[in-house]
K.L.:
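Before I ask anything, let me first share the structure, which is written out below as C-alpha cells.
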Amino acid sequence: MENQQILIDRLPTGKLRANDYKVAQAPMPEAGPGQVLVKTQAFAITAGTRAGLQGSASYAGAPAAGRVMNGTGVGEVVASNDPTIQVGDRVTAPTGWQQYVAIGSEHVTVIDPNHNPIHYLGPMGVNGLTAFFGLLDVANPQAGETVMVSAAAGSVGHMVGQMAKIQGCEVVGVCGNDDKCRLLVDQLGFDRTVNYKDANYRQSLKEATPKGVDVYFDNTGGMILGSALFRMNVGGRISCCGVVSQYDTDTPEPGPKGVPGLLVNKRIRMQGFLLFDYEARYAEARGVIYGWLESDRLNSLQDEVIGLEAAPDAFVDLLSGGNVGTRIVRLDQ
C-alpha cells in the first residue's frame, strides 16, 4: 500500500500555478517510537501557506521543492506508539497534503469525541484561534467601538467580524465582490460592508465608518491598510494578521503612506502577532469558541473540494479570492 502525496514541484515565481505541484506516491509510513500514524480525512487550505512558499514567513521554515506541501488536517489514528493516544482517536495535526502521516505525538491534539472534527480546521483550528487572539488579545475591542476587517469573507475575517459583534462592536467588512458583501450582512450580522474593487471605494469606506475606526484587523496590507490608516480614531489599534495582497506576486504593493506620522499623531498602536505565541491558551480559547458555536452566536462558513488531486487548483482559486470562509479538502469521501 502506498501513500499519495502532493509535493511542491517547483517554487513559484510570480503567481502560483497548479502545476507548481505534482502528485506522487510514497511508501506507507510507519509510526516510530513516540509517534502515531494518522489517516488524513480532511485538511484546510490557507492563504498564509503561500507566504511560506515565498520565503517571507520565517515561522514556516525555508521553502524547498520536493517536499510535501504543508497544512493542518484532521484524521483518525490508525497506529499508535503513545499510550495516551488510542487507535481510533480523531486528532488534528500538521498532516500536510497527503493521505497518511507518521508524526510525533507531541504535535497531535486529540479531538473531544463530542466535537465536530471539521471545526478544528475552521473555528476551533488555526483560523478561529487566529481570529480569537488577534482580535481579543491584540486589539482588545470594547463595546460600542467600530471594528473594520479586511478579507472579511475569508477563513479568518468572517470569524473576526462575528467575534467583534459578540463583543458589542459595530463591524465593517471589506471584501472583493458584492455577493460576499451581501452574505456578510445577511448571514453573519456585519453592520456594513465595502467592496474594495469599486471605483469609489475610499468614499464608500468613509460613508461606512461615519464614526471612524477604532480597531482594524488587517489580513491584506497594501492599499486597504492604507485606507484604514486614514480612518483610524485617536487611540486606535491595528492587529496585523497577514498581507495577502503581497503573497501571490513578485511585485508587492508599496507600504502605506502616512507611517509613522499618522501613528504618532493619533497615538495608534499597530501590532503584528503569530498564533503560535498563544499555544498555551489554545484549549481555553477552544472552550469559548465551542460555546459560541453551540449557542449559534458564531457561524462557521466553509467551502469544500473533494480529493487530494483537487488541492492545487483549490489553492490557486483561493489566492484569487474564490473562497468563502474556510476552504477544506476532504479525502474521506
Side-chain angles (χ1 to χ4, degrees), residues 1-13 16-55 57-111 113 117-118 120-121 125-126 276 304-319 326-333:
M1 190 173 179
E2 292 187 312
N3 182 27
Q4 190 177 46
Q5 304 173 323
I6 301 292
L7 303 182
I8 303 166
D9 194 31
R10 56 178 170 267
L11 295 177
T13 57
L16 183 73
R17 296 175 298 174
N19 62 7
D20 290 325
Y21 295 95
K22 67 178 180 182
V23 180
Q25 301 291 336
M28 176 62 63
E30 295 183 2
Q35 289 189 327
V36 297
L37 180 63
V38 177
K39 181 181 181 182
T40 307
Q41 295 172 322
F43 58 82
I45 293 181
T46 60
T49 53
R50 179 65 179 89
L53 287 177
Q54 195 180 49
S58 59
Y59 57 86
R67 292 181 181 174
V68 175
M69 181 61 186
N70 61 303
T72 299
V74 294
E76 180 180 354
V77 175
V78 294
S80 175
N81 288 324
D82 185 317
T84 66
I85 301 176
Q86 306 302 312
V87 170
D89 281 347
R90 298 292 180 90
V91 297
T92 181
T95 59
W97 293 10
Q98 56 187 338
Q99 290 178 315
Y100 291 88
V101 61
I103 189 168
S105 58
E106 69 273 16
H107 302 300
V108 172
T109 299
V110 176
I111 296 172
I118 291 298
Y120 282 73
L121 300 180
V126 170
F276 317 114
E304 299 183 359
V305 298
I306 306 301
L308 195 59
E309 302 90 339
D313 282 315
F315 193 18
V316 171
D317 180 63
L318 176 141
L319 292 169
T326 303
R327 175 148 289 175
I328 292 171
V329 179
R330 281 192 180 268
L331 279 62
D332 60 351
Q333 297 296 307

K.L.:
Verify side chain to side chain contact (heavy atoms under 4.5 Å, CB included) between R330 and I118, making sure each step is shown before the conclusion.
P.N.:
CA-CA 10 Å; R330 281 192 180 268; I118 291 298; 3.3 Å; yes
K.L.:
Which value, rounded to the nearest 0.5 Å, describes the distance between Q41 atom CD and L121 atom CG?
P.N.:
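Nearest 0.5 Å value for the CD-CG distance: 10.0 Å.
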K.L.:
If I compare all heavy atoms of I85 with all of V110, which pair ends up nearest, and what's the gap?
P.N.:
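Residues I85 and V110, closest heavy atoms: CG1-CG2, 4.1 Å.
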K.L.:
Working to the nearest 0.5 Å, report the span between CG of L7 and OH of Y21.
P.N.:
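Spacing of CG (L7) from OH (Y21) equals 11.0 Å.
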K.L.:
Counting C-beta onward and ignoring hydrogens, is there a side-chain heavy-atom pair between F43 and N70 closer than 4.5 Å?
P.N.:
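No, side chains not in contact.
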K.L.:
Would you check if the side chain of R327 reaches a backbone N or O of A47 as a donor-acceptor pair within less than 3.5 Å?
P.N.:
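A pair under 3.5 Å: no.
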K.L.:
Report all side-chain donor-acceptor pairs from residues 93-102 shorter than 3.5 Å, counting only partners two or more places apart or in another chain.
P.N.:
| unit_1 | atom_1 | unit_2 | atom_2 | d |
| --- | --- | --- | --- | --- |
| T95 | OG1 | G73 | N | 3.4 |
| Q98 | OE1 | N3 | ND2 | 3.3 |
| Q98 | OE1 | Q5 | NE2 | 2.9 |
| Q98 | NE2 | T95 | O | 2.9 |
| Q99 | OE1 | Q4 | N | 3.0 |

K.L.:
Which pairs pass salt bridge (Lys or Arg N to Asp or Glu O under 4.0 Å) with one or both residues in residues 91-107, sequence neighbours excluded?
P.N.:
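Passing the test, one end in residues 91-107: no pairs.
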K.L.:
Side chain to side chain contact (heavy atoms under 4.5 Å, CB included), that's the test. Do I6 and V68 meet it? Break it down for me.
P.N.:
CA-CA 6 Å; I6 301 292; V68 175; over 6 Å; no
K.L.:
Quick one: side chains of residues 22-38, donor-acceptor pairs under 3.5 Å with protein atoms, not counting sequence neighbours, listed by atom name and distance.
P.N.:
| unit_1 | atom_1 | unit_2 | atom_2 | d |
| --- | --- | --- | --- | --- |
| Q35 | OE1 | G32 | N | 2.8 |

K.L.:
Do you know which two heavy atoms are closest between Y120 and I111, and how far apart they sit?
P.N.:
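That closest heavy-atom pairing would be CE1-CG2, 3.5 Å.
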K.L.:
For D89, check side-chain hydrogen bond (donor to acceptor under 3.5 Å, both in side chains) against everything at least two apart and list the hits.
P.N.:
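Residues passing side-chain hydrogen bond (donor to acceptor under 3.5 Å, both in side chains) with D89: none at all.
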K.L.:
Grab the two heavy atoms, one from L16 and one from F315, that are nearest each other, plus how far apart they are.
P.N.:
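For L16 and F315, the tightest heavy-atom pair comes out as CD2-CD2, 3.4 Å.
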K.L.:
State whether the side chain of E309 and the backbone N or O of I306 hold a donor-acceptor pair below 3.5 Å, judged by distance alone.
P.N.:
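Not at all, since once roles are kept as given, no pair shorter than 3.5 Å links the two residues.
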K.L.:
Taking all heavy atoms of L318 and all of I45, pick out the closest pair and write down the distance.
P.N.:
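Shortest heavy-atom separation between L318 and I45 comes out as CD1-O, 3.5 Å.
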K.L.:
Nearest 0.5 Å, please: how far is CD1 in I328 from OG1 in T46?
P.N.:
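If we round to the nearest 0.5 Å, T46:OG1 and I328:CD1 are 11.5 Å apart.
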K.L.:
Over all heavy atoms of both residues, which pair between D313 and A18 is shortest? Give the atoms and the distance, please.
P.N.:
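Smallest heavy-atom distance, with atoms named: OD1-CB, 3.2 Å.
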K.L.:
Kindly indicate, with the supporting measurements, whether the criterion side chain to side chain contact (heavy atoms under 4.5 Å, CB included) is fulfilled by T72 and T92.
P.N.:
CA-CA 7 Å; T72 299; T92 181; 3.7 Å; yes
K.L.:
Check side-chain hydrogen bond (donor to acceptor under 3.5 Å, both in side chains) between S105 and all other residues, then give those that pass, not counting sequence neighbours.
P.N.:
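D82.
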K.L.:
What pair of heavy atoms forms the shortest contact from R17 to V316, and how long is it?
P.N.:
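Nearest heavy atoms, R17 then V316: C-CG2, 3.8 Å.
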